[in-house]
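A, B, ... follow the sequence lines: proteins, then strands. Residue 1 opens every chain.
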Amino acid sequence: MSILKQLRRRRLDKDYLLFEEEVDNIQRIMEDETYQNTFLPSELLARVTATNGVDKWDDGSGEFGFDANNPIPVNGPLGAITYLSCLKTESGERLLFQRVGGSNDVEAYEAVTYSGDEWFVFFLDIYHPRKSHLLPEGFELSGGVAMFSGFVDTSSCFPGDYTQRVEELDASLQAAYAPETRLNKGLDRRIYTRPIVHWAKLEALSIRGFV
Amino acid sequence: MVGVLQYSDIVSVCFSCGAEKTRVFESCSSCGVQPCQHDEIFDSLVLSRYASADPLLSEAVAARSPGVVLKTANRSAIRAVKNALNDSQLCLLLGLATAQKTPDKPLNRTGPLVKDRVQSVEARPSEVRSSGLEACLQQRGKLSVWERNEKTLIVLNSEAGTASPYILLEAIADIAERCQSISEQELQSRLIQEEDAESEVRGLERYKTPQAYEKNVVGRIVEALEKVHTEDLIDLFSQMRMSIESRRDKRALPVVKALQEVYKSHALKTLRLEKNNINYLVSAIMNTALNEYSSKAIMMGVLESLVANWRKVAEPLGGVTADREASGIKREVQGDMQRVASYLADKCQEEELSARAYRLHSELM
């Protein structure tokens with residue numbers, strides 16, 4: 001059963017009620033890029049809609065999504081969340097993620113699989129009217145509408161503070177987030193330990209002005 | 001603004017001057033040096049709180065000596081840093097050349113150069129295979145100390161004869177370090193499992209204490225190394241000696257000491273074999289009519305090769321075989337080669353050959 005159907009059914013349960021229009025809103029947030037862009041501040045909206053929708057930079061070089069010179073075009077912060085939430089690894093794992101910083105219009109995100117086994121650093125360009133239809137090497141689309149699993153701000157407690165961060169979001173967005181029960185073994189901090197290589201990448205990002 | 005980096009204050013030690021740094025790859029505020037080369041970046045990561053414990057880093061800062069950390073750094077952390085620098089994205093971020101996997105170090109073939117009239121060292125397979133050991137070294141996951149050691153020991157036993165000395169060294173050091181961290185609780189739990197499985201009693205003693213366990217592990221490593229080709233064993237122990245001296249890895253000491261005994265017996269065997277080879281060839285030289293330039297030149301070449309080969313075999317053994325028999329063999333062999341060099345110097349009227357002979361004679365003194 002799809003997530004949205006579950007949400008519609010849940011409104012019938014006594015312990016949690018969702019109105020039909022709220023579910024419609026969540027679905028639009030997840031799927032409709034034009035609607036996603038309406039959440040942008042006017043200045044950012046102007047910039048995003050001024051460009052054409054592309055799948056990658058024409059002059060991009062390096063590995064798509066993993067090189068700051070070849071970032072993934074998306075439509076604003078919400079587009080970044082939607083894009084990364086849809087990704088899954090070749091072994092079928094989805095990602096928790098957060099923004100770690102930005103430099104020269106390119107945003108850096110760190111991500112970790114739900115199991116905590118693999119960590120990644122992605123580069124995204126949020127100044128486009130739509131999301132890229134391309135995928136970084138080693139990733140697939142999770143299929144269907146994916147609940148959100150990441151954030152556009154930075155927390156030193158990532159991802160252990162996932163639930164708290166969801167609760168701090170605007171009410172209209174909260175229901176769009178994957179509940180903690182869907183994450184592997186909850187959010188046991190011992191699982192989510194960054195390996196040395198990932199720390200090194202974050203350190204390297206700091207000297208490049210991203211962090 | 002809340003940052004994602006783990007530490008907001010001092011995070012590393014400068015690889016150059018030992019001063020504190022707030023970020024691993026930034027320029028040092030004390031000496032101005034910024035890590036740029038591969039080895040500088042490697043050291044900088046080892047000298048960070050991501051790889052080394054705070055007390056150790058504090059000690060390095062207090063002594064203004066980054067070497068304190070580099071010499072005693074945890075082997076698994078060093079390996080993690082080495083693997084990290086194989087990551088292409090990290091190399092790109094740091095501006096390093098494209099990472100390539102570190103190849104196994106080439107085998108140092110130290111067998112006799114003149115083969116057909118001498119006993120040769122045992123034939124070895126031409127193919128180096130160590131994929132299982134490499135997989136064990138790179139494995140991450142939830143295995144316990146005991147399980148990881150068992151797995152590595154089993155693979156070591158099957159691949160010892162074909163793995164490169166470099167991989168063998170890594171595997172042995174890996175096991176040796178893990179031996180230090182196994183708990184009595186885990187050992188007791190294994191003991192219970194063995195009893196439940198109704199296995200032979202002979203295996204149970206090894207689990208009773210961490211010391212007994214370590215002794216058993218050492219025995220199994222020694223058994224595996226019996227399969228290692230003598231030439232590779234020389235390489236292995238040369239590297240192990242250097243590694244221990246440079247890093248003062250005390251945790252590996254019990255294992256290393258036990259292995260040195262194996263090495264010593266193999267080394268003596270090698271020295272005796274080489275002595276026989278040299279005796280045979282010295283005899284051949286002395287009994288050859290050296291009337292023609294060509295025959296003298298050939299014999300000079302053979303002697304030079306013998307000397308070079310002897311140095312390759314004998315010098316690595318020198319640090320370990322502090323043994324009367326070994327010293328005796330070395331003295332005899334050097335004396336024999338010196339006599340031949342002197343003989344050839346007398347026989348060779350040709351200036352070039354004579355000069356070569358006198359040079360050898362001087363070097364052998």
Aromatic ring centroids of A:Y162 and A:Y192 under 6.0 Å? no
What one should report as the nearest heavy-atom pair of B:F15 and B:Q34 is CE2-C, 4.4 Å
So, the part of B:L45 with a heavy atom under 4.5 Å from chain A: the answer is side chain
**Asked** Would you call A:R130 and A:D55 a salt bridge, taking side-chain N to carboxylate O under 4.0 Å as the test?
**Response** yes
In short, A:S85 meets A:G150 closest at the heavy-atom pair OG-N, 4.4 Å
Heavy-atom nearest pair, A:F64 first then A:S132, reads CZ-OG, 3.6 Å
Whatever's closer than 4.5 Å to a heavy atom in chain B on A:F120 counts as neither
Heavy-atom closest pair (A:P159 atom, A:L96 atom, distance to 0.1 Å) is CB-CD1, 3.9 Å
Filtered by a 4.5 Å non-hydrogen cutoff, the part of residues 66-79 of chain A contacting chain B is A:F66, A:D67
Compute the ring centroids of A:F97 and A:Y83, then answer whether they are less than 6.0 Å apart. no
